[in-house]
Student: 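Here it is, the structure in full.
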Amino acid sequence: MSMILRLPILTFHALDDLPSVTSFSPELFRFGLSMLHEHGYRTMSLLEAVECLRMKKPFPEKSFVMTFDDGYETVYQVAFPILQNYGMCATIFLTVGKKGNQKMGERLPSLEGHSMLNWHEIREMKQVGMEFGAHTLTHPDLTRLPRDQMEEEVSESKKIIENILGVPVFCFAYPYGRYNEHVREFVQQHFTCASSDRLGFVTPHSTLYTLERVDAYYLRSDRLFRLMLTRWFSWYIWACSIPRWIRCKVKNNFELRRSHFG
Ligand SMILES: [Zn+2]
């Protein structure tokens with residue numbers, strides 16, 4: 001089997017036609033996955049991808065990782081049957097809410113006005129091999145919280161999922177992709193890997209606690225989704241990442257200069 005050095009980790013949120021940044025068209029999702037399936041593409045689980053990174057092994061050709069952030073109900077209603085149909089797996093990052101709010105029939109606290117998964121649905125998906133990761137209790141920007149609250153958001157969300165599902169939780173996703181040194185260090189003590197909002201492919205140079213992803217926003221038409229089948233896809237994502245990278249550099253330089261001058 002041929003191997004590749006660049007692996008896309010796709011990020012979806014909700015699958016519906018609402019005019020929201022977290023929404024992705026169910027029809028396009030169905031089209032995209034059937035196209036990938038027809039062309040022999042297969043999912044790796046996030047942990048399998050991480051294992052390749054740790055062993056410094058390349059990835060199998062035509063592989064990709066699917067992730068869903070927040071835990072919207074449409075992941076169960078729309079994505080789950082399609083994934084099962086094609087024998088694909090996904091990692092679903094859950095924002096679980098504060099303690100004492102975890103009865104099986106109860107839904108996760110609503111984000112962005114969407115309806116969320118309940119624990120029956122989560123458990124059913126777990127039983128057929130979907131992976132679950134932690135995405136905090138209340139979806140805050142962790143870089144803006146006092147240390148004790150940041151730590152509670154990270155470690156309690158992991159414990160709640162582990163208690164309810166009875167399996168260890170290895171993966172974390174930073175809300176809004178935001179982290180700083182303290183957040184990353186704390187996450188590192190509790191998890192095997194973490195996904196950031198850095199746009200790009202995972203490569204042998206990726207670090208386990210700031211894994212790059214490709215948001216579904218970059219696949220928002222038939223034409224863009226089709227690019228995944230071509231070698232242009234990595235060029236396209238690279239090109240999209242440049243403005244962000246420059247913005248980051250400029251911002252960092254500015255902050256550096258500001259701290260130099262007090
Ligand atoms: Zn999120």
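Residues take their numbers from the sequence shown, with the count starting at 1. As the structure lists them, so they are numbered: ligands from 1, and atoms in each ligand from 1.
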Student: Report yes if the distance between the aromatic ring centroids of Y72 and F12 is under 6.0 Å, otherwise no.
Tutor: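 No, they do not, as the ring centres are separated by 6.0 Å or more.
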Student: Is H135 reaching over with its side chain to a backbone N or O of A173, donor-acceptor style, under 3.5 angstrom?
Tutor: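 Confirmed, H135 side chain pairs with A173 backbone.
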Student: Indicate whether the side chain of R198 and that of T210 have a donor and an acceptor atom separated by less than 3.5 Å.
Tutor: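 Side chains of R198 and T210: pair found under 3.5 Å.
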Student: Taking backbone and side chain together, does D69 place any N/O/S atom at a distance below 2.8 Å from the Zn ion (ligand 1)?
Tutor: no
Student: How is the N/O/S atom of D70 that comes nearest to the Zn ion (ligand 1) named?
Tutor: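 Result: OD1.
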Student: For a 4.5 angstrom cut-off between non-hydrogen side-chain atoms, does L28 reach L219?
Tutor: no
Student: Near the Zn ion (ligand 1), is there an N/O/S atom from H139 that is less than 2.8 Å away?
Tutor: yes
